[in-house]
**Q** 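Please find one structure pasted underneath; my questions will follow.
Position 1 is the first residue of the sequence; numbering continues from there. Start at 1 and go down the list; that is how both ligands and their atoms are numbered.
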Amino acid sequence: MTIQDEVLNCGTGPAALLRALPRDFVWGVSTSSYQIEGASQVDGRGPSIWDEYCKVPGHIDNGDTGDVACDHYHRYGEDIALMHQLGIQAYRFSVAWPRVLPTGLGPPNEAGLAFYDRLIDGLLAAGIQPWLCLYHWDLPQALQERGGWLNRDIRGWFGDYAALVARRYGDRVRHFATFNEPSVFTLFGYGFAWHPPGQTDAAALCRAIHHVNLAHGAGVDAIRTAAPSSVIGAIHNVQPSRPVDATPGDAAAARLLDAYWNRAFPEPQLLGTYPTALAPLMESAMQSGDLDRIRRPVDWFGLNHYSPIYARADSKAPLGFAWADAPPNVRRSPIGWQVDPAAFRDVLLDVHRRYRLPIYVTENGAGANEKPNEAGEVIDLERISYLRIYGGALREAVSAGADVRGYFVWSLLDNFEWGAGYENRFGLVYVDFATQRRIPKASAHWYARMIHAEAMEAAR
Ligand code: IFM
């Protein structure tokens, strides 16, 4: 089937698969604070580690920063209206810790807290459920200067921050997540030096992992206490880890990457153990009772998935393995990520069997470098194709028994894509960063039609 055929065929697919989803299935979109808010020095926001990291030449393609991003801080009303027009049912966003606590602790910043009041109230008025994530990578720089994730005190700092946020918004927000993709910001920040704080140190990586896990446990307890009717989860990226070549060394590398990427957080948080390959490395950071502090009861599993990942043995690398590109000849998205919907189906089933929690797919989507055509439209056929076939894989997983209750596209808007700056676009809505004009892409209209068709089916 060509992409054109897939788009022309852009309904939701066979009726049998339509019926696979639960009636109250949630269709949403996701974003994060640093990637869209901008207003980095407005209304008392403190600096984050990403503000500092972006200042260093060479860290971000094109010298881009999140200083302005999508200016969502000022344009959130327009963005809510867009979601409303598209029929989006839920919106996952993150709170910028340095916006509400400019130095990470101490006195809160009322102007920053008031921004999220306006956002949440606007969402509710538009009939959109707010899903609030506490941490999507923008640690206050002041805490980094106290050691950041390497300082065990961060368990308490995060717990206090979680309590503040849950007390303030728990009357209106039901769904809270502690962390988004902890394995990415720890592995990229302390293992590969691709994210702040830019280290390559296996011991530091393990210490950071353990402290993030402790902070998660403290966050869950704080939210539960401050907002007892909330439903709480954490968001993990789960992607099959494959050897780039069929050699025993690469197979071992893939198993180790799997431990760091897919298991270092959900296993202690949900099963109370570290993966065997990592447990000895955690010992120096571990104190008696820590696994009980980490394994706190949660209500849902947030799953982010885009593609499989690959590893190669590399005895000189700090972690003993290297990140590898997908082999040639696999199907790829426009930014080169492998497209493999069967992997998504298998991951959903595997996570269901392992952790036995309701699953929400909190991120899935495709990156591209598209531009508007002469008519000013953005016809992103490859994204539609991706969403369509990944939606099919999700339905297959549900038909085979996976308890999946919602799906959020990454992302509502083109945004600051970390090291790639603004070049890689993941939005359903195109953003012209020079003018901040928003243009819903063909995929936004496709997603809106799909949500509508699902709602019709659920009402039958
Ligand atoms: O943009 C990121 C997001 O912040 C975390 N998950 C993956 C997305 C695409 O790279």
**Q** Using heavy atoms and a threshold below 4.0 Å, how should the contact between Phe185 and ligand 1 be classified: side chain, backbone, both, or neither?
**A**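 It is neither part, as no heavy atom is under 4.0 Å.
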**Q** Can the ring centroids of Trp50 and His195 be said to lie less than 6.0 angstrom from one another?
**A**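 Distance test on ring centres: under 6.0 Å, yes.
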**Q** Give the numbers and elements of all ligand 1 atoms closer than 4.0 Å to a heavy atom of His136.
**A**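 It comes down to these atoms of ligand 1: 3 (C), 4 (O), 5 (C).
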**Q** Could you list the atoms of ligand 1 found under 4.0 angstrom from a heavy atom of Glu181?
**A**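 Heavy-atom distances to Glu181 below 4.0 Å select 5 (C), 6 (N), 7 (C).
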**Q** Is any N or O atom of Gln35, backbone or side chain, closer than 3.5 Å to an N or O atom of ligand 1?
**A**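 Yes: some nitrogen or oxygen of Gln35 is under 3.5 Å from one in ligand 1.
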**Q** Is there a polar contact, in the sense of an N or O pair closer than 3.5 Å, between Asn304 and ligand 1?
**A**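 Not met; the criterion fails.
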**Q** Quick one: nearest non-hydrogen protein atom to atom 1 (O) of ligand 1, plus distance?
**A**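 Answer for atom 1 (O) of ligand 1: Glu417 OE1, 2.6 Å.
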**Q** Is the distance between the ring centroids of Phe408 and Trp27 under 6.0 Å?
**A**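 Not close enough - the centres of the two rings lie 6.0 Å or further apart.
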**Q** Take Tyr390 and Tyr407, measure what ring-ring contact (aromatic ring centres under 6.0 Å, His included) needs, and give me the verdict at the end.
**A** CA-CA 11 Å; Tyr390 273 68; Tyr407 174 89; 9.0 Å; no
**Q** Assign the ring pair Trp410 / His136 to parallel, tilted or perpendicular, where the plane angle (0 to 90°) is split at 30° and 60°.
**A**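 The rings of Trp410 and His136 lie parallel, inter-plane angle below 30°.
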**Q** State the atoms of ligand 1, each with its element, that fall below the 4.0 Å cut-off from a heavy-atom position in Phe426.
**A**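 Close to Phe426: 9 (C).
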**Q** Looking at CG of Leu123 and NE2 of His84, how far apart are the two atoms once the value is rounded to the nearest 0.5 Å?
**A**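 If we round to the nearest 0.5 Å, Leu123:CG and His84:NE2 are 11.5 Å apart.
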**Q** Who's the nearest protein heavy-atom neighbour of atom 6 (N) of ligand 1, and how far?
**A**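 Checked against all protein heavy atoms, atom 6 (N) of ligand 1 sits closest to Glu363 OE1, 2.5 Å.
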